Amino acid sequence: MERRELLKLMLVLTGGTMIGGELLMSGCKPGSGSGPIALTDADTAFLDEVGETIFPKTTSPGAKETGIGKLMRTIVTDCYEEKDKAIFAAGLKQLNEACVKMHNTDFMKATPEQRTSLLTSIDAEAKTYMKNKKKEDPNHYFTMYKQLTIWGYFTSEAGATKALRYISVPGKYDGNLDYKKGDKAYSG
Amino acid sequence: MADNNYDAIVVGSGISGGWAAKELTEKGLKVLMLERGRDIEHIKDYVNANKEPWDYPHRGRPTQQMKLDYPVLKRDYPLNEQTLGMWANEKDNPYTEEKGKPFAWFRGYHVGGRSLLWGRQSYRWNKWDFEANGKEGIAVDWPIRYNDLAPWYSHVEKYIGVQGSKHGLDVLPDGEFMPAMDLNCVEKDVAARLQTYYKGLRHLFIGRSANITQPLPNRVGCQYRDKCWLGCSFGGYFSTQSSTLPAAKATGNLTLRPFSIVSKILYDKDKKKASGVEIIDATDNKTYTYNAKIIFVCASAFNSTWLLMNSATDIWPGGLGSSSGELGHNAMDHHFRCGASGNVEGFDDKYYFGRRPTGFYVPRFRNIYDDKRDYLRGFGYQGGANRQGWGREIAEMSIGGNLKDALSEPGPWTIGMLGFGEMLPDHSNTISLNKDLKDKWGLPTLHMNIEIKDNEKKMRKDMMQDAKEMLEAAGIKDVRDWDSGYEPGMGIHEMGTARMGREAKTSVLNGNNQVWDAPNVFVTDGACMTSASCVNPSLTYMALTARAASFAVSELKKGNL
């Protein structure tokens with residue numbers, strides 16, 4: 001939390017080169033893990049559906065449209081440390097097993113409603129786990145999926161320009177702008 | 001070879017080197033500027049300046065490979081995908097740290113140096129900053145006073161463009177400002193409440209920064225993109241590239257030589273002054289010699305001292321300037337990373353437009369006037385108020401379209417402030433040559449032995465507590481104070497190790513930044529600092545450099561150098 005507060009301020013003070021610096025995700029220390037864990041195209045497709053369930057299309061595009069599965073694969077492959085990579089990859093299977101248990105069907109064959117009820121339940125489980133875990137305990141796989149979806153979505157072109165308002169060159173600063181509930185946030 | 005002779009050599013092209021080159025060339029000297037790294041051309045080479053967040057393969061996040069390549073940079077926020085390549089290669093340029101005393105050295109080895117990557121906060125020192133050492137018996141007295149530097153602050157501010165507001169405070173003297181950027185509505189409210197609560201003794205106003213709010217020649221001005229660190233195509237902030245280098249080039253008197261690692265200053269023991277420098281060309285590893293009447297050493301604080309240590313060792317084993325016993329000593333930084341944050345109520349109908357590239361500033365209030373703490377000196381705060389973004393947690397929501405839509409709206413207002421404290425000069429905080437570890441070019445490296453002491457540790461408690469007290473006094477809710485830990489160097493304000501002073505036996509440089517043992521060698525970057533103040537130092541380096549350049553040229557004309 002302290003680091004989060006600090007980074008938020010540094011974002012303000014340095015000249016904003018940290019994209020989404022507010023949302024810090026688990027694990028990014030280089031480690032000497034076991035072998036590399038390779039995510040497959042099938043995993044990408046699976047993650048697209050997980051992402052779309054977390055952030056479905058509303059008046060703004062859904063996460064799948066932003067290529068969330070591919071982004072998650074890239075980030076996990078290149079940025080995660082081995083320990084978290086393994087948790088991330090194993091989570092795909094765990095999530096599917098949970099779906100079979102709850103709905104008697106594979107996640108990829110489940111209906112949007114089934115997927116939503118499943119992930120709502122896993123989200124509650126992950127929140128409780130993360131709140132009570134010791135610092136050295138592993139992270140919950142679903143927390144990674146959710147954070148990556150939120151971060152990946154709002155930093156994507158569709159997310160930044162359609163869900164939010166993105167102005168590349170504002171040209172001025174107004175620190176006293178009227179706001180009414182429902183107005184979208186500015187991205188950047 | 002006639003080609004190797006210049007009136008002046010400037011070592012380094014960052015904030016100080018750029019100013020030396022501008023002033024010396026404008027006074028008619030033929031100047032050779034040596035830069036150890038690659039060239040970065042204004043606008044053309046700002047490869048990421050116009051990229052959008054989604055244009056980066058990892059959306060800005062550091063990869064595992066980057067973390068392996070930059071084990072020092074990854075200790076804090078500067079390692080990211082957008083500024084990759086703008087920081088020194090750590091494998092080619094290693095250094096060592098004393099056990100248990102980490103030192104984070106964030107370096108910019110390219111034309112422009114860290115002027116491309118600075119925080120742009122620009123503050124004058126106050127009169128007490130120059131007097132404190134002498135009065136308190138700390139280190140040595142500064143050989144100059146505020147009044148010596150005041151006209152040079154003006155000279156520099158007018159040229160680089162500093163936006164800010166005037167408040168008539170002794171503790172933070174006003175300068176030559178462009179129209180100030182606005183505080184936002186929450187910051188204004190907090191400023192007014194603090195004014196009332198502390199009866200005019202504590203202040204909050206816009207952070208004075210070298211972002212221009214009016215055009216300057218060839219500089220359009222700030223567009224409120226807040227992407228300064230990517231280089232700015234609008235010339236919105238001061239850098240060597242946007243400001244001093246074009247001026248120096250326009251004179252026709254400048255030769256810029258990138259990939260030139262200055263390995264030593266050549267010292268003529270008969271004339272008791274320097275005759276030139278020796279460089280290693282980083283591209284072909286060959287050695288070249290250049291001669292000049294005067295040399296400005298502006299290689300960044302610790303590298304300037306490294307260069308002195310590596311020079312004239314046949315006469316002084318510790319290097320040029322070591323006869324004082326102070327070369328490499330009294331290293332300083334600004335300690336920070338602690339402060340307080342809280343939630344703001346009552347402004348849900350307000351927002352802001354544009355990305356302002358500065359926050360607010362709270363000038364020092366401790367140990368001035370009648371206040372007396374259990375430590376010396378003081379600190380200032382930088383901070384800002386903002387509405388939370390999509391990274392916030394909404395505890396009561398799970399997943400789905402409602403969460404997405406809720407996060408698409410701005411969140412509650414929060415405010416935070418971060419202390420930046422003065423670090424005392426201490427003889428035991430040193431850098432030294434490590435001859436056992438060589439860099440890519442076979443040159444000795446630096447060993448750091450630097451830590452904060454009791455004075456800083458005591459001050460940090462106030463930095464947290466005062467921030468909390470002030471935010472609470474301003475009506476902020478749920479105020480949290482925090483200390484994220486600090487290791488020297490993280491302030492990226494390395495200072496000292498070749499201090500100015502009044503006597504050759506206790507200082508490396510005199511009051512005009514001349515090396516006592518070689519009067520035609522001037523050191524004008526952070527290395528020269530006798531104490532650190534608590535304000536950001538770059539503006540002071542610029543003023544000292546311009547002042548020293550003026551002195552050097554007049555001495556040269558008189559035949560004294």
Side-chain angles (χ1 to χ4, degrees), chain A residues 2-3 5-10 12-20 22-23 28-30 53-56 58 60 74-75 78-79 81 116 119-120 123-124 146 150-157 160 163-164 168-186 188, chain B residues 52-54 57-64 67-68 77 80 82-83 119-120 181-185 223-230 337 341 348-357 359 382-384 386 388-392 398-401 404-405 407-410 416 418 480 482-484:
Chain A
E2 285 170 355
R3 189 164 160 78
E5 304 274 10
L6 175 74
L7 281 171
K8 257 163 64 182
L9 274 172
M10 292 314 294
V12 176
L13 302 177
T14 53
T17 55
M18 284 169 290
I19 299 167
E22 262 189 73
L23 186 61
C28 226
K29 275 183 296 198
T53 309
I54 294 169
F55 264 12
T58 55
S60 55
T74 303
I75 297 296
D78 295 346
C79 302
E81 63 180 290
T116 301
L119 295 196
T120 303
D123 181 62
K146 188 177 175 184
I150 295 172
W151 173 79
Y153 178 79
F154 284 116
T155 57
S156 72
E157 180 165 11
L164 308 172
S168 185
V169 185
K172 63 169 186 176
Y173 180 74
D174 178 353
N176 190 30
L177 193 69
D178 286 332
Y179 178 82
K180 62 175 195 312
K181 180 81 186 139
D183 290 349
K184 288 172 175 171
Y186 289 110
Chain B
E52 307 296 357
W54 51 87
H58 304 93
R59 305 269 168 88
R61 287 186 64 158
T63 63
Q64 289 291 323
K67 292 184 176 211
L68 290 169
Y77 64 88
N80 55 55
Q82 300 96 302
T83 57
R120 307 166 308 285
M181 291 179 176
D182 265 340
L183 292 175
N184 64 41
C185 51
Q223 300 299 309
Y224 301 89
R225 303 166 75 226
D226 198 19
K227 291 186 176 177
C228 311
W229 278 24
L230 308 183
R337 292 167 60 90
S341 318
D348 290 347
D349 60 344
K350 288 292 175 187
Y351 196 26
Y352 40 82
F353 177 87
R355 298 183 290 276
R356 194 186 59 191
Q382 292 182 44
N386 291 86
Q388 289 186 319
W390 44 259
R392 68 188 182 274
S398 176
I399 57 157
K404 191 184 72 179
D405 293 345
L407 290 177
S408 297
E409 293 177 17
L418 185 62
R480 296 139 340 238
W482 38 266
D483 184 342
S484 297

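The shown structure was predicted, so the numbers you read here are calculated from the model rather than taken from an experiment.
Considering every non-hydrogen atom in both A:T74 and B:P57, the closest pair reads CG2-O, 4.0 Å. Taking all atoms of both residues into account, the shortest heavy-atom contact from B:P410 to A:Y179 is CD-OH, 3.2 Å. Residue B:N184 comes nearest to A:Y173 through the heavy atom pair CB-OH, 3.3 Å, listed as atom of the first residue, atom of the second, then distance.
Side-chain contact check for B:R59 versus A:S156: some heavy-atom pair is nearer than 4.5 Å. By the 4.5 Å heavy-atom criterion applied to side chains, B:L407 and A:Y153 are not counted as neighbours.
Contact annotation for B:D349: both backbone and side-chain heavy atoms come within less than 4.5 Å of a heavy atom of chain A. Both the backbone and the side chain of A:D78 come within contact range of chain B, each with at least one heavy atom under 4.5 Å from a heavy atom of that chain. Neither the backbone nor the side chain of A:K180 comes within contact range of chain B; no heavy atom of the residue lies under 4.5 Å from a heavy atom of that chain.
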Run the numbers on A:D178 and B:K350 for salt bridge (charged side-chain N to carboxylate O under 4.0 Å, His left out), then give the verdict. CA-CA 5 Å; A:D178 286 332; B:K350 288 292 175 187; 2.6 Å; yes
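In this pair, A:F154 and B:W390 present their aromatic rings parallel. The plane angle is below 30°, not in the 30 to 60° band. Between B:F353 and A:Y186, the ring planes lie perpendicular to each other; the angle is over 60°, past the 30° to 60° tilted range.
Looking only at heavy-atom pairs under 4.5 Å with chain A, the residue among B:G416, B:G400, B:G401 that has the most is B:G400. Contact tally against chain B (heavy-atom pairs below 4.5 Å) for A:P170, A:S60, A:G152, A:G175: the top residue is A:P170.
Checked by atom type and distance alone, the side chain of A:K181 never pairs as donor or acceptor with a backbone atom of B:E409 at under 3.5 Å. With B:Q64 contributing its side chain and A:C79 its backbone, the two residues share a donor-acceptor pair below 3.5 Å.
To the nearest 0.5 Å, atom CZ of residue B:R356 and atom CG of residue A:D174 are 11.5 Å apart. Rounding to the nearest 0.5 Å gives a distance of 7.0 Å between OG of A:S168 and CZ of B:R355. In this structure, the separation between OG1 on A:T58 and NZ on B:K404 is 3.5 Å, given to the nearest 0.5 Å. The CG atom of A:D183 sits 12.5 Å away from atom OG of B:S408, with the distance rounded to the nearest 0.5 Å. Taken to the nearest 0.5 Å, the NE2 atom of B:H58 stands 12.5 Å off from the OG1 atom of A:T155.
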